[in-house]
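Written below as structure tokens is the structure these notes are about.
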Amino acid sequence: MLTKQQIRYCLDKMGEMFPNAHCELVHRNPFELLIAVVLSAQCTDALVNKVTKRLFEKYKTPEDYVAVPLEELQQDIRSIGLYRNKAKNIQKLCAMLIEKYNGEVPKDRDELMKLPGVGRKTANVVVSVAFGIPAIAVDTHVERVSKRLGFCRWSDSVLEVEKTLMKKIPKEEWSITHHRMIFFGRYHCKAQSPQCHVCPLLDLCREGKKRMRKRDENSAGAK
DNA sequence: AACTCGGGGCA
DNA sequence: TGCCCAGAGTT
């Protein structure tokens, strides 16, 4: 496991690599963000943005989503994977917002997680991006990068990864941190092809050094 | 902890 | 055409 100082160094480097790291989902208010993040599960942000661009012209409020037949909403988001379930969840979610939350998006993470289709990752993104509440949303990028670099243990569950990161990173940096780590994971420390050979963090990265050793052995064996 | 739910993008 | 993308809910 890396020390707090080493982790800080890593995060600073990620900030230099991705100075414009931010939430890529299109949204103009907390409600639109919530819808966009629910849609983004198991799906790329680019694809979600394509759909929400049209979607948000047609649907402005929770009432708008429950006013149409389920089949119509499903058709409107059809180009997204898992669209049948997501459409159902969104209608149920909107009904709950109207009934229990006065049509507003709750600012509390645990309240958000009671909504269908909203898990811990989604709830953390919403509170941090929409309401500026410090939170670290652990998606597959954050988890993979944390484990490779040694921010946490390999055996940590998603929840344990989040707890460990919160312990090791100053609270006021949680939100920017998860955006940096997501960009770093998506564009550099990729799942199948991490760019270890040009990585400024290689010296600190146990997994990266292991991979580079393996690569050297393979190229030597090939000769 | 393992499984299921999927269409879009790319090679 | 087949692989990669990337969470929530259930058992």
Side-chain angles (χ1 to χ4, degrees), chain A residues 14 18 21-27 32-55 65 70-97 105-106 108-130 135-149 151-165 175 177-196 207 211:
Chain A
M14 290 180 200
F18 302 99
H22 63 286
C23 179
E24 292 181 298
L25 294 171
V26 176
H27 64 282
E32 286 191 356
L33 178 71
L34 176 60
I35 298 296
V37 187
V38 168
L39 289 175
S40 78
Q42 287 298 94
C43 175
T44 59
D45 287 356
L47 184 56
V48 172
N49 283 337
K50 236 179 238 182
V51 170
T52 54
K53 198 174 180 187
R54 293 183 286 104
L55 198 70
Y65 286 93
L70 175 59
E71 294 72 25
E72 186 175 338
L73 181 57
Q74 287 175 330
Q75 289 308 307
D76 288 337
I77 63 170
R78 188 165 21 85
S79 52
I80 297 213
L82 312 177
Y83 65 92
R84 296 179 192 87
N85 283 330
K86 286 177 182 176
K88 277 185 208 167
N89 284 338
I90 286 173
Q91 284 201 326
K92 200 177 296 180
L93 178 156
C94 287
M96 288 175 67
L97 289 185
V105 178
D108 182 65
R109 214 254 321 276
D110 295 322
E111 290 301 314
L112 283 163
M113 286 178 64
K114 293 178 185 173
L115 300 169
V118 180
R120 198 174 181 85
K121 181 259 181 181
T122 296
N124 276 333
V125 171
V126 170
V127 295
S128 72
V129 175
I136 300 177
V138 179
D139 65 354
T140 57
H141 298 301
V142 174
E143 179 177 3
R144 182 181 66 252
V145 168
S146 296
K147 291 183 175 181
R148 280 183 178 162
L149 278 169
F151 288 10
C152 67
R153 278 180 266 272
W154 270 107
S155 57
D156 279 352
S157 66
V158 175
L159 189 59
E160 288 168 334
V161 173
E162 186 185 326
K163 299 285 181 205
T164 304
L165 293 178
S175 296
T177 288
H178 87 241
H179 289 132
R180 283 178 181 171
M181 291 182 74
I182 285 167
F183 271 66
F184 182 77
R186 183 179 299 153
Y187 299 115
H188 184 83
C189 192
K190 295 184 263 193
Q192 307 301 325
S193 55
Q195 308 294 299
C196 303
E207 177 67 14
R211 283 170 177 271

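Chain A is the first sequence line, chain B the second, and so forth, proteins listed ahead of strands; every chain is numbered from 1. In this text the structure is predicted, and so the values were computed from the model without any measurement. Computation of the quantities below employed the complete heavy-atom set of this structure, encompassing side-chain atoms and omitting hydrogens, waters and symmetry-equivalent molecules.
- Between A/Tyr187 and A/Phe18, the ring planes lie tilted relative to each other; the angle falls in the 30° to 60° range.
- Contact check, A/Gln192 against C/dC3: no side-chain N or O comes under 4.0 Å of OP1 or OP2.
- Nucleotide B/dG6 holds its P atom 11 Å from the CD1 atom of A/Ile77, rounded to whole Å.
- Rounded to whole angstrom, the span from the CG atom of A/Asp45 across to the P atom of B/dG8 amounts to 17 Å.
- Distance, A/Leu159 CG to B/dA1 P: 12 Å, rounded to whole Å.
- A straight line from NZ of A/Lys86 to P of B/dT4 spans 18 Å, rounded to a whole angstrom.
- One N or O on the side chain of A/Ser128 and one on the backbone of A/Val125 form a donor-acceptor pair closer than 3.5 Å.
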Output one line per pair: protein atom, nucleotide atom from nucleotides 7-11 of chain C, and distance, for all N/O pairs under 3.5 Å.
residue: C/dG7; atom: OP1; partner: A/Lys121; partner atom: NZ; Å: 3.1
residue: C/dG7; atom: OP2; partner: A/Thr140; partner atom: N; Å: 3.3
residue: C/dG7; atom: N7; partner: A/Gln42; partner atom: OE1; Å: 3.1
residue: C/dG7; atom: O6; partner: A/Gln42; partner atom: NE2; Å: 3.3
residue: C/dA8; atom: OP1; partner: A/Gly119; partner atom: N; Å: 3.2
residue: C/dA8; atom: OP1; partner: A/Thr122; partner atom: N; Å: 3.0
residue: C/dA8; atom: OP1; partner: A/Thr122; partner atom: OG1; Å: 2.7
residue: C/dG9; atom: OP1; partner: A/Gly117; partner atom: N; Å: 2.6

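- Residue A/Arg186 is classed as a sugar-phosphate contact, given heavy-atom separations below 4.0 Å to backbone atoms only.
- In this structure, A/Asp45 pairs ionically with A/Arg186, as a charged nitrogen and a carboxylate oxygen lie closer than 4.0 Å.
- Atom OH in A/Tyr83 sits roughly 8 Å away from atom P in B/dG6 (whole-Å rounding).
- Following rounding to the nearest Å, A/Arg78 (CZ) and B/dG8 (P) show an atom-to-atom distance of 8 Å.
- If you measure from atom CZ of A/Arg54 to atom C1' of B/dG8, you get 13 Å, rounded to the nearest angstrom.
- Closest approach of A/Lys86 to A/Val38, counting heavy atoms only: CE-O, 3.9 Å.
- The existence of a salt bridge linking A/Glu111 and A/Lys114 is confirmed by a sub-4.0 Å separation between a basic side-chain nitrogen and an acidic carboxylate oxygen.
- Nucleotides B/dG6 and C/dT11 place their P atoms 16 Å apart, quoted to the nearest Å.
- One can place CD1 of A/Ile80 at 11 Å from P of B/dG9, the figure rounded to the nearest angstrom.
- Considering A/Glu162, A/Arg153, A/His141, A/Met181 in turn, A/Met181 is the only one that fulfils the side-chain contact (heavy atoms from CB on, under 4.5 Å) rule with A/Ser146.
- Out of B/dG9, C/dC4, B/dC5, the shortest distance to the side chain of A/Asn85 is found at B/dC5.
- In this structure, the side chain of A/Arg78 does not engage the main chain of A/Tyr83 through any donor-acceptor pair within 3.5 Å.
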